[in-house]
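Atoms considered below: every heavy atom in the structure, side chains included; atoms not considered: hydrogens, waters and symmetry mates. Just so we're on the same page: letters track the sequence lines, and every chain starts at 1.
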Protein chains: 2
Amino acid sequence: MDKHDVDKIRAFNRFYTKVIGLLDKFLLDSKFTLPEVRVMYEIYHAKKISAKTITELLDMDKSYLSRVLLSFEKKGLIAKTSDHVDARVQLIALSATGAKEYEKLNKASDNQIADIMENLNDQEVNKLISHMQAIQNILSKISK
Amino acid sequence: MDKHDVDKIRAFNRFYTKVIGLLDKFLLDSKFTLPEVRVMYEIYHAKKISAKTITELLDMDKSYLSRVLLSFEKKGLIAKTSDHVDARVQLIALSATGAKEYEKLNKASDNQIADIMENLNDQEVNKLISHMQAIQNILSKISK
DNA sequence: TAATTATGGTTGACAAAGTCAACTAATTTA
DNA sequence: TAAATTAGTTGACTTTGTCAACCATAATTA
């Protein structure tokens, strides 16, 4: 792989770092921080999940996560039930309130994306998505 | 733009957030922090640049940048010269030491990318890059 | 099976990253 | 030329993230 290729990949990384930063910035107006939103996402989609699994999925420090979860508990957003098989493990789930909050956030985030993509026509959107999927396909070979 | 499209875009964003996180993590082993490296990048490529411009390019708080630059100055990595036209402006450039440090970092970063991409064959690399460029093309219409 | 080691999670103490507002000095604008 | 703006610095602060010690439970092994 030559230097030129590397440069192009790094250029894309810088470019996309900004894109993500732009999108994330908007979340800052919500009641939740970025890592909080990510944690909520994982809980919401797993329905029931251990703290350990979340740290693995998000590559997040367990002490940090513990505090995030504590704050969720105080706000009544999650419920913990202990695992029958392993008493060390606590299974976390969103409460009804938590799920509602998450869905609200999620919808706002969807709208933000849709708003931004307004500037593209259908063909461009289709192409964009297929390029994204192609990248995921190629790169998913690597992380294995 | 329908919900399905939005989902796919957001999935890619999550995916690529992890990719970038993985690549960035490696920089943490260097003498510099992530924002420091980004600032060095801008100074290196502009050769001479004002703090203002850096804040715009990186969307960075000016007070934060000011401290980063201070730390660079203490380490002898940059030199400031005042602008002849506007005495409020200080033009920042990397010192010889600073440029050398940056190049070292940059090379290490290049190697990291090259290492990772080892797992792909030439065709995959070419496709990856062309997908990346296509995305940049499409999305650059938006940020305008 | 008793002692040791490993694991999930919490806590305290801290470091890094980022923000906000007030300020100085220079520059523009009215 | 007085008022408003701008580039950059500083102080005080919050948020984000890390590290190590610790507790309780579980798994391993002697």
**Asked** At under 4.0 Å, does any side-chain N or O of B/K25 touch on OP1 or OP2 of D/dT18?
**Response** no

**Message:** Assess whether a salt bridge exists between A/K3 and B/D110, defined as any Lys/Arg side-chain N lying under 4.0 Å from an Asp/Glu carboxylate O.
**Reply:** yes

**Fill in**
In whole angstroms, the gap separating P of D/dG8 from CZ of B/F72 amounts to 16 Å

**Item:** Out of D/dT9, D/dG17, D/dG8, whichever nucleotide has its closest atom nearest the side chain of A/Y64
**Value:** D/dG17

**Item:** Residue A/S66, side-chain atoms from C-beta onward, closest of C/dT11, C/dG18, C/dC20
**Value:** C/dT11

**Prompt:** Does A/K80 place a side-chain N or O at less than 4.0 Å from the phosphate oxygens OP1/OP2 of C/dG8?
**Reply:** no

**Prompt:** Under 4.0 Å between a side-chain N or O of B/S63 and OP1 or OP2 of C/dC20?
**Reply:** no

**Contact nearer the 5' end of DNA chain D, comparing B/I92 with A/M60** = B/I92

**Complete:** Atom CD1 of A/I49 and atom C1' of C/dG9 are separated, to the nearest Å, by 15 Å

**Item:** Ion pair check, A/E101 and A/K75, cut-off under 4.0 Å
**Value:** no

**Complete:** Of the candidates D/dT25, D/dA7, C/dA21, the side chain of A/D86 sits closest to D/dT25

**Asked** Roughly, in whole Å, what's the span from NZ in A/K52 to P in D/dA27?
**Response** 14 Å

**Request:** Rounded to the nearest angstrom, tell me the gap between atom CD in A/E36 and atom C1' in D/dT15.
**Result:** 10 Å

**Request:** Would you mind checking if A/K52 and A/E56 are paired as a salt bridge, meaning a charged N to carboxylate O distance below 4.0 Å?
**Result:** yes

**Asked** Contact class for B/K62 vs. all strands (heavy atom < 4.0 Å): base, sugar-phosphate, or nothing?
**Response** base

**Request:** Would you classify A/S50 as touching base, sugar-phosphate or nothing, given that sugar-phosphate means primed atoms plus P, OP1 and OP2, and contacts are heavy atoms under 4.0 Å?
**Result:** sugar-phosphate

**Message:** Closest-nucleotide mapping onto DNA chain C: is A/R67 or A/Q90 further toward the 5' terminus? I mean the 5' end.
**Reply:** A/Q90

**Asked** Is the B/F12 ring parallel, tilted or perpendicular to the A/F12 ring (thresholds 30°, 60°)?
**Response** tilted

**Fill in**
In whole angstroms, the gap separating C1' of D/dT6 from CG of B/D83 amounts to 13 Å

**Fill in**
When A/D61 and A/R88 are each assigned the nearest nucleotide of DNA chain C, the 5'-most assignment goes to A/R88

**Asked** Is A/K8 atom NZ crowded by more than 12 heavy atoms from other residues, nucleotides or ligands, each under 6.0 Å away?
**Response** yes

**Request:** Report the distance from atom CZ of A/F32 to atom P of D/dT15, rounded to the nearest whole Å.
**Result:** 14 Å

**Prompt:** Given atom CG of B/L34 and atom C1' of D/dG17, what is their separation to the nearest angstrom?
**Reply:** 13 Å

**Request:** Find the distance A/L70:CG to C/dT11:C1' and express it as a whole number of Å.
**Result:** 10 Å

